[in-house]
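A note on names: the letters A, B, ... follow the listed sequences, proteins ahead of strands, and every chain is numbered from 1.
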Number of protein chains: 2
Amino acid sequence: MENYLEAISALNDETRVKLLAFLDHHGPLCVCDLQSSLGMIQSRLSRHLKILKDGGFLRVDRCGTWAYYSIRSPLDRFRSEALAEIRCLGIELPPLVKLSETGDCKV
Amino acid sequence: MENYLEAISALNDETRVKLLAFLDHHGPLCVCDLQSSLGMIQSRLSRHLKILKDGGFLRVDRCGTWAYYSIRSPLDRFRSEALAEIRCLGIELPPLVKLSETGDCKV
DNA sequence: CTTCAATATCAAGATATATTGATTTATTGA
DNA sequence: TCAATAAATCAATATATCTTGATATTGAAG
C-alpha cells in the first residue's frame, strides 16, 4: 500500500507527468538539460526528480558533477502501465535543448 | 491530461483506495452502510465518494433518499488497470455492516 | 404542509504539497 | 588548496487537500 501510494502521489502532479513523458521520449538527460528544455528553475526540477525517483519511476546515473536521469528499467507492472497511459495522453513536448554539449551549462 | 489527473488524484488517498476496494468487493452499497462498515463520519465519506465518482471510478443510483454507490462499468483501460492493481494490494477489508436492512440506519 | 431520515454541501481549521531564492554539498580542474 | 560548476537541500511562503461539525437539500410518510 505504501509503495502503491508513493507511485500514485508521484504521478499526481502535472509537472511530473510532463517530466516523465519528456524523459521517456528523450532518454537519459542531466538536470541542466532538463532545466533548459523545460524552463524550470533548478531547485524545483530537482525536487520533482527526487519524487519521481523515490516513487520508483526514475534512476540516476552520476558522472562527475552531472546527474543523468532516465526511466528506471525494469518498471513493475503498475508503473509500466502508468507510463503506457502517459504515452497515450499525447502530451506536447517542448524541444530538447542540450546545454550540456554547448558549453553553456552554468546553472 | 485533465481526465488523467482527475483519475490519479482520486486514487491519491489511502481512504479512497480502501473505499474502492471495499465497494469492489461488496458491490453496491448505500452511504449509511459504508459509514457503519468503515467507521467514517458521513460528511467525510460523502466527500470521498464524490471525488471517486467525479474521478470516473464510481456510479450512484438513487433510490428514494438512499444513494447506492458502486464501481462504474465499464471502466476505461487506465481505471480498470488501477482497480486491478488495487485488488493485488491485499488490502484488509473490515466486515460489511448493513444497517440499511436492520432498521438502525439513523445517521 | 410538516416532519424525519439519508445524503450533500459549506465553513473553519489542520495538514500536506508546491514554488522560490538562498545555501550547502560534491566534484572537477587550476 | 582553492575556485567554479552541477545538483541537492533548506527555509519561507503560497496553495491545495483533508477532517470535522453545522447546515442545506431532497424524498417519503403522516
With respect to the side chain of B/Cys32, which nucleotide from D/dA7, D/dT5, C/dT7 is positioned closest? C/dT7
Between A/Asn12 and B/Asn12, is there a donor-acceptor pair closer than 3.5 Å when you use the side chain of the first and the backbone of the second? no
Note: for A/Tyr69 and B/Ser43 on DNA chain D, the residue whose nearest nucleotide lies more 5' is A/Tyr69
Stepwise side-chain contact (heavy atoms from CB on, under 4.5 Å) check, B/Asn3 with B/Arg79: CA-CA 11 Å; B/Asn3 178 48; B/Arg79 288 175 178 78; 2.8 Å; yes
Distance, rounded to the nearest Å, where B/Leu34 contributes CG and C/dT7 contributes C1': 12 Å
Counting only side-chain N and O atoms of A/His48, is one of them less than 4.0 Å from OP1 or OP2 of C/dT19? yes
Can you work out whether A/Arg16 or B/Ser46 has the more 5'-proximal nearest nucleotide on DNA chain C? B/Ser46
Between B/Cys63 and A/Arg62, which has a closest nucleotide on DNA chain D that is more 5'? A/Arg62
Heavy atoms under 4.0 Å, any strand shown: does A/Tyr68 hit a base, just sugar-phosphate, or nothing? nothing
Which whole-number value in Å describes the distance from B/Gln42 CD to D/dT19 C1'? 13 Å
Could you give the CZ-to-P distance, from A/Arg44 to D/dA7, as a whole number of Å? 17 Å
A/Leu34 side chain near A/Met40 side chain, heavy-atom distance below 4.5 Å: no
Quick one: is C/dT27 close enough that its OP1 or OP2 comes under 4.0 Å of any side-chain N or O from A/Thr65? no
Just how far, in rounded Å, is P of D/dT26 from CH2 of B/Trp66? 18 Å
Length of the CD1-C1' vector between A/Ile41 and C/dA18, whole Å: 11 Å
Residue-phosphate contact under 4.0 Å: B/Arg47 side-chain N/O, D/dC18 OP1/OP2: yes
Rounded to whole Å, please give me the gap between CD1 in B/Ile8 and P in C/dT17. 15 Å
Starting at atom CG of A/Asp54, determine the distance to atom P of D/dT9, rounded to an integer number of angstrom. 9 Å
Exercise: do B/Ser73 and B/Arg59 side chains pair donor with acceptor under 3.5 Å: no
What does A/Ile51 touch in the nucleic acid at a heavy-atom separation under 4.0 angstrom: a base, only the sugar-phosphate, or nothing? sugar-phosphate
B/Lys50 atom NZ is separated from D/dT19 atom C1', nearest whole Å, by 17 Å
Applying the side-chain contact (heavy atoms from CB on, under 4.5 Å) criterion to A/Arg16, which one of A/Leu11, A/Leu49, A/Ile51 satisfies it? A/Ile51
